[in-house]
Each structure stands twice: as C-alpha cells, then as structure tokens.
Protein chains: 2
Amino acid sequence: MSDGLARTLFALSDANRLKIVELLKTGPLPVGEIAVQLQLNQPQTSKHLKVLLEADIVRMEPVANRRIYHLRTEVFQGITAWSQSFEQQMVSRMVRLEAYLEQQQKSVDSEGVNKDGG
Amino acid sequence: MSDGLARTLFALSDANRLKIVELLKTGPLPVGEIAVQLQLNQPQTSKHLKVLLEADIVRMEPVANRRIYHLRTEVFQGITAWSQSFEQQMVSRMVRLEAYLEQQQKSVDSEGVNKDGG
DNA sequence: TATCTATATACCCTTTAAGGAATATTCCAA
DNA sequence: TTGGAATATTCCTTAAAGGGTATATAGATA
C-alpha cells in the first residue's frame, strides 16, 4: 500500500502536475488545450500527463487525432481515506491521553490523602 | 496554495518518509528509535526528518540529549480537504452531466415526433 | 575537562527528474 | 500516398535527491 501511495503522492508533488490536475477537475481536456491554458510546452505537458497516467491519476481517451485526459476520482478517495486515518489516529490518541491523565489525577488525589498535604 | 501543497506532497512521496510518518502515527519518537524500528541509518533518518520538518509535517521537541519528533495533524486536515474537493467536484460534474443528458433525451423525443420514425 | 550518547551536517557518488529542442508517430483528409 | 495537425518520444543538459561514511555539535556525566 505504502509503495503505491508513494508513487501517487510523487505524481502529485510537482507544481505543474498539480496545476494539470486542478485544471482537469473542471473537466476532461486534450493535451493541446492543457498546454495552452497552463502555458506549458507540448512535450512537457505530454510528459507530465504520462506520469499522472502511470500513477492512475488520469485516464486517456483517444478521440480521432487527439487524446483526451480525464481525472480519475478513485485515487482521491484513497488519498482522502489515508489522510483521514491520521486525523482519526490523533483523536484516539488524544482520548487515550485524556483518560491517562484523568487516571493519574485520581492517583495523585488518593496519594494526597495518605501522604498528608504538606 | 498549490505551491505549499506540492512541497507537502513531495515530502510524503518517499517510501521511507511515508514509513516514518506511519510510525509516528502511533506516537512521538526520538530519532534513534525511528531509525531502529525502520532499519534506517541514523543520518538518513535525520535527513528525512528534516524534510518532513520543513514541510511542517512533523515538529521537534528537544528533550535533554534527544530530539522527539511529533506528527502534526493540521497538515493532514489540509490534504483531506484538498482531496475531498476533487471527489465533490466529480460528483457535481456528474450531476450536471445527468441533467444535460436528460435534457438531450427530451429534445430527441420531441424531434422524433416531428421527423418521423423511419 | 575528558568522555559518552544522541543527533545533525558535510562530502562523495549514483540515480533520477525536469526543461528544451528536435524528431518520430498517429490519425485524418484530400 | 502525400500533407498537415495533434501528440509522444528521444536526446541533451542541469539540478536535485537519496544513500553511505565520516565528522561536527549538543547535552549529560564522571
């Protein structure tokens, strides 16, 4: 899992590819249109799209002369789930910490009764 | 926004750093402990932690001789929100598409009446 | 102060990434 | 089958990343 995720995150870790992905969020586009809108050279655009393609972040639909690139939604569901697992983990750790501190507090209280208050 | 996000994603796009992050999910740890558990050399571990630190994915707490690294939860909230924005965008595009197709269907139906079925 | 532990940095090496320019490829149309 | 448009691939160059080893630094302790 981590290996595939690393690849996915790597594909998204480049500023230009991030722009491409944001652009495709508005709808599928052919290479040339992406290049124009983002002011990228066509070869660079193709190369970035290849990276995104191999990371399963986009899919390609050939239409006559052109290649239309579509965003794949599944990947983002995976990222969301993964990312959320951290938030949840933090929350449950926090809950455990609170329980622990509460427990500690009780110990201190009862010790105080036995040991005298100073 | 995209720029900072690219840096964040890049920090998470390495297999070893991903492992570190997963490990820290279980709780804060000093460098040496991370290195041992992940079977990494100490210098590599420090270097990876530096990357994570500069991307605000972890924070460092010096305790005597050692440096305890903690996961920061805020970053993941940001990633979650960003990732979810794609899923939502896809959904609303889907809704619009459905509406469009429905509209088209109505046109076809009424044209059918005028144009004859042969 | 000398020393030990824990960690960070520096330096070297190898691999890889990204941009640019040129070229190959694919598909369409005449 | 020739030409043109859209896209992919190749080659080159430069920058940066990641691993390894050695070394510097910070804090604790005798």
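Every chain is numbered from 1, with letters handed out A, B, ... down the list of sequences. For clarity, every value in this text was computed on a predicted model and none was experimentally measured.
For the pair B:Thr45 and A:Asn16, nearest-nucleotide mapping onto DNA chain C gives the more 5' position to B:Thr45.
Counting only heavy atoms from C-beta on, B:Asn41 has its side chain closest to D:dG20 among C:dC28, D:dA8, D:dG20. Closest contact between the side chain of A:Arg66 and the listed nucleotides C:dA17, D:dT7, C:dT7 involves D:dT7. Ranking D:dT9, C:dC27, D:dG18 by closeness to the A:Asn65 side chain, first place goes to C:dC27. The side chain of A:Asp14 sits closest to C:dA18 out of D:dG27, C:dA18, C:dT9. With C:dA21, C:dA8, D:dA28 as the choices, the nucleotide that has an atom nearest any side-chain atom of B:Ala64 turns out to be D:dA28. Side-chain proximity of B:Lys50 to C:dT9, C:dA8, D:dA8: nearest is C:dT9. Side-chain proximity of B:Arg17 to D:dG20, C:dA18, D:dG18: nearest is D:dG18. Of the candidates C:dA8, D:dT9, D:dG27, C:dA8 carries the atom nearest the B:Pro43 side chain, counting heavy atoms from C-beta on. In this structure, of C:dA10, C:dG20, C:dT26, it is C:dA10 that holds the atom nearest to the side chain of B:Lys47. The side chain of A:His48 sits closest to C:dG19 out of C:dG19, C:dT7, D:dA8.
For the residue pair A:Trp82 / B:Glu22, a side-chain donor-acceptor distance below 3.5 Å is found, with atom types taken as modelled. Side-chain polar atoms of B:Gln84 and B:Thr80 form no donor-acceptor pair below 3.5 angstrom.
Atom CZ in A:Phe10 sits roughly 12 Å away from atom C1' in D:dG18 (whole-Å rounding). Atoms CG (B:Leu49) and P (C:dT7) sit 10 Å apart, rounded to a whole Å. For the pair A:Leu53 CG and D:dT7 P, the interatomic distance rounds to 14 Å; values are reported in whole Å. One atom, CE of B:Met60, and another, P of D:dA26, lie 12 Å apart when rounded to the nearest Å. The interatomic distance linking A:Arg67 (CZ) with C:dC28 (C1') rounds to 14 Å, in whole Å. We find that CD of A:Gln44 is positioned 13 Å from C1' of D:dT10, with the value rounded to whole Å. At whole-Å resolution of the value, CG in B:Leu40 and P in C:dA8 are 14 Å apart. In this structure, B:Leu38 places its CG atom 16 Å from C1' of D:dG18, rounding to the nearest Å.
Here the side chains of B:Phe76 and B:Leu71 are in contact, with some heavy-atom distance below 4.5 Å. When side chains are defined from C-beta on, A:Lys25 counts as touching B:Ser85, because their heavy atoms get closer than 4.5 Å.
Checked by distance alone, B:Gln42 brings no side-chain donor or acceptor within 3.5 Å of a matching partner on the base of C:dA6.
For the pair B:Arg72 and A:Phe86, the cation does not sit on the ring face, since its NZ or CZ is not both under 6.0 Å from the ring centre and inside 45° of the axis.
For A:Tyr69 and D:dA8, the shortest distance from a side-chain N or O to OP1 or OP2 is below 4.0 Å.
By the criterion of side-chain heavy atoms lying less than 4.5 angstrom apart, applied directly or through intervening Ile, Leu, Val, Met, Phe, Trp or Tyr residues, A:Leu12 is not grouped with B:Val51; the two fall into different hydrophobic clusters.
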